[in-house]
Amino acid sequence: ESVTERSLERETVAVPRPVRPQPRPALIGDADLEGAVAEAPSGLGQQLRRLGRHSAIYGIGGLVSRVIAVLLLPVYTHFLTPGDYGRIETLLALTTVMGLVLRAGITSAFFRFYFDEATDEGRRRVLRTSFWFTMGGASIGLALLLLLAGPVSSVLFGSSDDADLVRAAGVALWATVNYEQLTALFRVEERSVAFVCASLANVFLTIAITLILVVSLDKGPIGVIIGNFSGTLIVYLSLLDYRRDQLGLEFDRSLLREMNRFGVPLIPTALFLWVTNFSDRFFLVKLADVAEAGLYSVGVRIASAMVLLLTAFRTAWPAFAYSIRDETEARRTYAYVLTYLTVITAWVALALSLLAPWIVDLLAASEFEDSASVVGPLAFSTVAYAAYIVVAIGVGRMRRTQFNWVVTGIAALVNVALNLALIPAYGMMGAAIATVAAYGTMAVGMAWWSQRVYPVPYQWRRVATAAAAAVALASVGAAADDSL
């Protein structure tokens, strides 16, 4: 999915709609497609419980995946060299960027247009058009990496010796892009348990195949890449069979043009977000030194506990937000979601900030203790990103995504400018401040634009109070820690 969407919140009066619960069939065919779309229940409490339930389920799946990845790290580091890891990470970055471009925002458009349709025929048309467009884009990416494997290897690694790694990365790109589009159907159906089951099946198959290739057969980095796409490919092919009654040879060009008008502006949006997320480490290496970048990376890893929380919310959010058809109820719900999400993320960020010295001492060697200083700012930058996610939903609801890239582009420029200005003098703390400023710019900019497009009565005073109180307590805690 691309890295965009969402909205910020306040109160109004909800107009309840009748609830029409639909039973979930074990296998959903064409005739059952309409009933598979979760009907949004009326009432603010019911809406928030629904969002919380799905977010929690998605979060459990993500937590299991991350714990397993951490536990396997010693195994992989025993059989792979730092150079092997470098090549794998470089190809991962390449395929991530290619995936953002090849998807052309179709996943975000799929969520919006699916809920705009009121009939099973209309939803089936959105599904099939998205499916075949994604298949075509992924196949283009695969063909490019297969045909240009040698030149790509030479550009990335200085020789064509790693062409097979590039080809394997092409297959991984094809499998991942198609898999994520097909599993998005579970999300619009709000079948979070089914989504997590597919994800965990992918994880366990990937681990088993990778261990066989890397540990038993000593295949090195290509074993890691093949293991990763093998698990994804197996689950994807299984889902194709499961969804065979819903997929078919239907492709609506006029619908695709509308979806592209929605989704294509999200390509630069996602690329600017990528720059904001990763440019700080590049600037630290260039403007400070590798050791400073290493310390900062440890702080990033600890603050990434916030990312796990936010990823669970982001997975549930689009389908939940678009499924509310009544505009008054939608605005009221969005307002409260922003308030509650800000409270939760701000206080988790506060906890991470205060506990950072002990967490670093527990997880890292003594020479990494300075990493604790950047955990707080990085955690609070995620609070701003959470607000951005929520407020952007109004833009998506009105299909006015053409301005999103301007907001994220300005934030990326702020990030780069502050990195250049602050890192030479303040090192990794300068990079952390640049990150906070960039995400704050994104949140404020998107709130301004979204309110012009789709006004929502957000509870700004409560949002500001929750965030400011958490920041103040974190500052007091940091000052007290410094004085001890």
Side-chain angles (χ1 to χ4, degrees), residues 1-2 4-6 20 22 24-25 27-40 54 99-100 102-139 177-192 194-195 198 236 239-240 242-267 270 314-327 330 392-402 404:
E1 157 187 27
S2 79
T4 32
E5 13 321 333
R6 330 344 167 202
R20 296 186 300 138
Q22 298 283 350
R24 284 265 188 242
L27 177 63
I28 304 172
D30 287 350
D32 300 310
L33 186 57
E34 183 175 9
V37 181
E39 184 77 20
H54 290 299
L100 292 175
L102 294 169
R103 286 186 185 94
I106 199 68
T107 303
S108 297
F110 171 67
F111 282 103
R112 184 68 197 100
F113 282 74
Y114 193 86
F115 284 103
D116 275 351
E117 297 291 342
T119 66
D120 58 345
E121 180 182 355
R123 290 173 185 142
R124 189 164 56 245
R125 184 170 59 252
V126 172
L127 168 62
R128 292 174 176 177
T129 300
S130 303
F131 173 81
W132 288 113
F133 178 82
T134 303
M135 178 73 73
S139 298
V177 169
N178 283 299
Y179 167 84
E180 290 179 354
Q181 179 60 38
L182 197 53
T183 53
L185 186 53
F186 284 130
R187 293 170 61 192
V188 295
E189 294 169 348
E190 296 196 80
R191 298 175 62 191
S192 50
F195 178 91
Y236 174 68
L239 291 175
L240 280 180
Y242 177 75
R243 297 289 190 180
R244 64 185 181 273
D245 291 336
Q246 291 169 261
L247 303 173
L249 296 175
E250 181 179 6
F251 190 83
D252 189 323
R253 293 181 181 178
S254 62
L255 172 62
L256 178 63
R257 284 193 293 271
E258 292 182 46
M259 296 180 77
N260 281 339
R261 276 196 291 271
F262 181 99
V264 169
L266 300 180
I267 298 175
R314 284 182 58 201
T315 306
W317 176 238
F320 167 83
Y322 292 140
S323 70
I324 306 173
R325 293 185 178 274
D326 182 86
E327 295 297 342
I393 203 69
V395 175
R397 193 174 182 98
M398 299 303 293
R399 300 190 186 180
R400 299 283 297 277
T401 57
Q402 295 82 358
N404 288 29

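Put simply, CD on E258 and CG on L256 are 10.0 Å apart, with the number rounded to the nearest 0.5 Å. Atoms CZ and CZ, on F111 and F262 in that order, are 11.0 Å from each other to the nearest 0.5 Å.
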Inset, instruction - Test side-chain contact (heavy atoms from CB on, under 4.5 Å) on M259 and V126 and set out the steps. - result: CA-CA 9 Å; M259 296 180 77; V126 172; 4.1 Å; yes
Inset, instruction - Would you check, one step at a time, whether the test side-chain contact (heavy atoms from CB on, under 4.5 Å) holds for N260 with F133? - result: CA-CA 10 Å; N260 281 339; F133 178 82; 4.0 Å; yes
Legend entry - H54 vs F320, side-chain contact (heavy atoms from CB on, under 4.5 Å): CA-CA, chis, key distance, verdict: CA-CA 9 Å; H54 290 299; F320 167 83; over 6 Å; no
Inset, instruction - Walk me through it: do R243 and E189 pass the test salt bridge (charged side-chain N to carboxylate O under 4.0 Å, His left out)? - result: CA-CA 13 Å; R243 297 289 190 180; E189 294 169 348; 3.0 Å; yes
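Counting all heavy atoms, side chain and backbone alike, T119 lies closest to G122 at OG1-N, 3.1 Å. The two atoms that bring R123 and A118 nearest to each other are NH2-CA, 3.9 Å, heavy atoms only. For the residue pair Y114 and L185, the shortest heavy atom distance occurs at OH-CD1, 4.0 Å. The two residues F115 and V188 make their nearest non-hydrogen contact at CZ-O, 3.3 Å.
Counting heavy atoms from C-beta outward, L247 and W132 have side chains that stay 4.5 Å or more apart. M135 places a side-chain heavy atom less than 4.5 Å from the side chain of F131. In this structure, the side chains of T129 and I106 stay at 4.5 Å or more apart for every pair of heavy atoms. Using a 4.5 Å cut-off on side-chain heavy atoms (C-beta onward), N404 and V395 make contact. Side-chain contact check for Y242 versus L182: every heavy-atom pair is 4.5 Å or farther apart.
R125 contributes no side-chain N or O that, together with a main-chain N or O of E250, makes up a donor-acceptor pair within less than 3.5 Å. Remark: side-chain polar atoms of R128 are paired, donor with acceptor, to backbone N or O of Q246 under 3.5 angstrom. Judged by distance alone, with hydrogens and angles left aside, the side-chain atoms of T401 form no donor-acceptor pair with the main-chain N or O of P265 at under 3.5 Å. Counting only distance, with no hydrogens or angles, the side chain of T183 and the backbone of E180 share a donor-acceptor pair below 3.5 Å. Side chain of S108 to backbone of G263: no donor-acceptor contact under 3.5 angstrom is found. Between the side chain of R191 and the backbone N or O of F186, no donor-acceptor pair lies under 3.5 Å.
Both tests pass for R399 against the ring of F113: distance under 6.0 Å to the centre and angle within 45° of the axis. The side-chain tip of R112 points at the ring of Y322 from less than 6.0 angstrom away and within 45° of straight on.
Side-chain polar atoms of Q181 and T107 form a donor-acceptor pair below 3.5 angstrom.
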